[in-house]
Amino acid sequence: MPEADVSKKEKNFHTDVPQKNELFFLKGSNNYDWGMKNRLARIFSPASGRTVMLAFDHGYFQGPTTGLERVDLSILPLAPYADALMLTRGILRSIIPPSTPRAVVMRASGGPSILKELSNEQIAVDMEDAVRMNVSAVAVQVFIGGEHETQSVHNLTRLVDAGMRVGIPVLGVTAVGKDMVRDAKYIRLAVRICAELGAAFVKTYYVEQDFDSVTSSCPVPIVIAGGKKLPELDALTMAYNALSAGASGVDMGRNIFQSDAPVAMLQAVRNVVHEGMKPREAFELYSKFKNSVKK
Ligand code: R5P
């Protein structure tokens, strides 16, 4: 039996204080249910509105990518510095400790390897299993202009329907085919299609020209992929420029785990994303961290 409320203290209903009714901090996300918002708030920092996602899902189509030969050795030491881990369910269950406080964004499409036509993907994770793994979002590749464009868009919409039932957001990942021009016109098209069809956030590549037109015409947050390994200062500059042009974070892989000093690089990226640190200053921080690890 619960105890009766016998306190002698006078009740205070604060009748003069209206209850706060705050808008959700993330672009385009105000009309989701509580669970969906809570998951998005695990990926994106409510303080900065931004995220540093660490991408190491590359093995789902290209096997043991350079730097990911041993995910246990290369990635686990990085996890404390990321807001979210983007990975496959195979790696989650085999390598990632369930005690991790990091948000998980799970690759949920796949099929072809680098030896075949990459756009021929299907859904690769059932939403019931995504719930079982307590993921914060699922990610699906969308190949606009690719050979299997419609199939990949259908993968997205099926995952959005399944995710809406259980409160799991979908990350639409725009893939740029080998023969396609990677410019703002193409990226605008690809990210807008993902958002229109229900992606809660979209991952794409940064382009130097007119990236602000990509972010402003996309009604949901955009995170940028890192792409091929660049010199550290260039990668930090790319992240800074993308954020200045309206991106909400990075989902970076090779530019972190293929760096000479991955932990130092990830910390420098964090400072650019969450603190607005300028690229040159972030590079100095990277060099300092790198040297302190060597000593
Ligand atoms: C590739 O399709 C994967 O989704 C990667 O997560 C993505 O390319 C980001 O990694 P990176 O920064 O190495 O491009």
Side-chain angles (χ1 to χ4, degrees), residues 43 51-69 71 74-75 78-79 81-92 96 102-114 116-125 135-144 146 148 152 155-156 159 170-178 180 182 187 190-191 194 199 201-207 222-232 234-239 241-243 247 249-259 262 265-266 268-270 272-273:
I43 300 166
T51 185
V52 175
M53 293 172 55
L54 177 63
F56 51 100
D57 60 325
H58 307 58
Y60 92 96
F61 71 103
Q62 59 181 30
T65 307
T66 307
L68 296 178
E69 301 88 340
V71 172
S74 60
I75 296 297
L78 297 173
Y81 305 99
D83 298 310
L85 307 176
M86 182 172 176
L87 42 51
T88 58
R89 69 172 153 186
I91 291 293
L92 180 83
I96 308 297
R102 302 278 83 85
V104 167
V105 177
M106 177 154 294
R107 161 69 50 191
S109 66
S113 74
I114 35 170
K116 296 280 186 180
E117 167 52 42
L118 286 177
S119 68
N120 194 13
E121 287 195 350
Q122 300 203 356
I123 291 175
V125 173
V135 306
S136 294
V138 291
V140 53
Q141 208 85 0
V142 175
F143 297 85
I144 300 302
H148 298 275
S152 71
N155 292 340
L156 167 79
L159 280 170
V170 173
L171 167 62
V173 182
T174 65
V176 186
K178 283 193 290 284
M180 290 171 198
R182 193 187 289 194
I187 306 254
V191 302
C194 291
F201 58 125
V202 183
K203 169 172 165 173
T204 194
Y205 289 97
Y206 173 70
V207 286
I222 288 182
V223 293
I224 61 148
K228 285 187 185 137
K229 172 77 177 68
L230 301 167
E232 277 74 8
D234 293 357
L236 293 165
T237 303
M238 177 176 70
N241 290 343
L243 293 156
V250 301
D251 185 13
M252 225 175 227
R254 287 163 287 179
N255 277 292
I256 307 285
F257 61 71
Q258 291 179 354
S259 165
M265 184 58 181
L266 188 47
V269 170
R270 273 200 84 75
V272 171
V273 172

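Residues: numbered from 1 along the sequence shown. In listed order, ligands and their atoms are each counted from 1. Computation of the quantities below employed the complete heavy-atom set of this structure, encompassing side-chain atoms and omitting hydrogens, waters and symmetry-equivalent molecules.
- Within the 3.5 Å criterion, the main-chain N or O of K203 finds a donor-acceptor partner in the side chain of T174.
- The shell of residues lying under 4.0 angstrom from ligand 1, judged by heavy atoms, excludes K228.
- For R254, the salt bridge (charged side-chain N to carboxylate O under 4.0 Å, His left out) criterion is met by no residue, not counting sequence neighbours.
- Close approach to A55 involves these atoms of ligand 1, each under 4.0 Å from a residue heavy atom: 6 (O), 9 (C), 10 (O).
- Near R254, meaning under 4.0 Å from one of its heavy atoms, ligand 1 places the atoms 11 (P), 12 (O), 13 (O), 14 (O).
- The nearest heavy-atom contact from the protein to atom 6 (O) of ligand 1 is D57 OD1, 2.4 Å.
- Side chain of S152 to backbone of V142: no donor-acceptor contact under 3.5 angstrom is found.
- Residues S259 and E232 have side chains that bring a donor and an acceptor to within less than 3.5 angstrom of each other.
- At least one heavy atom of D251 lies less than 4.0 angstrom from ligand 1.
- A side chain to side chain contact (heavy atoms under 4.5 Å, CB included) with V202 is found for one member of V173, I187, V191 and no other, namely V191.
- Considering only non-hydrogen protein atoms, atom 4 (O) of ligand 1 sits nearest to R107 NH2, 2.8 Å.
- Here the heavy atom of the protein found nearest to atom 2 (O) of ligand 1 is Q141 NE2, 3.4 Å.
- The N/O atoms of G253, backbone and side chain alike, include one that comes under 3.5 Å of an N/O atom in ligand 1.
- The closest approach between any non-hydrogen atom of K229 and ligand 1 is not below 4.0 Å.
- A donor-acceptor pair is defined here as one N or O able to donate and one able to accept, closer than 3.5 Å; no such pair exists between the side chain of N120 and the backbone of H148.
- For ligand 1, the polar-atom distance check finds no N/O of N255 at less than 3.5 Å from any of the ligand's N/O atoms.
- Put simply, the side chain of T51 gets close to the backbone of I43: a donor and an acceptor are under 3.5 Å apart.
- For R102, the salt bridge (charged side-chain N to carboxylate O under 4.0 Å, His left out) criterion is met by no residue, not counting sequence neighbours.
- Looking from atom 1 (C) of ligand 1 to the surrounding protein, the closest heavy atom is F61 CE2, 4.1 Å.
- Atom numbering of ligand 1 starts at 1 in the shown order; those under 4.0 Å from a heavy atom of K203 are 4 (O), 5 (C), 6 (O), 7 (C), 9 (C).
- Residue H58 has at least one heavy-atom neighbour below 4.0 Å for each of these atoms of ligand 1: 5 (C), 10 (O), 11 (P), 13 (O).
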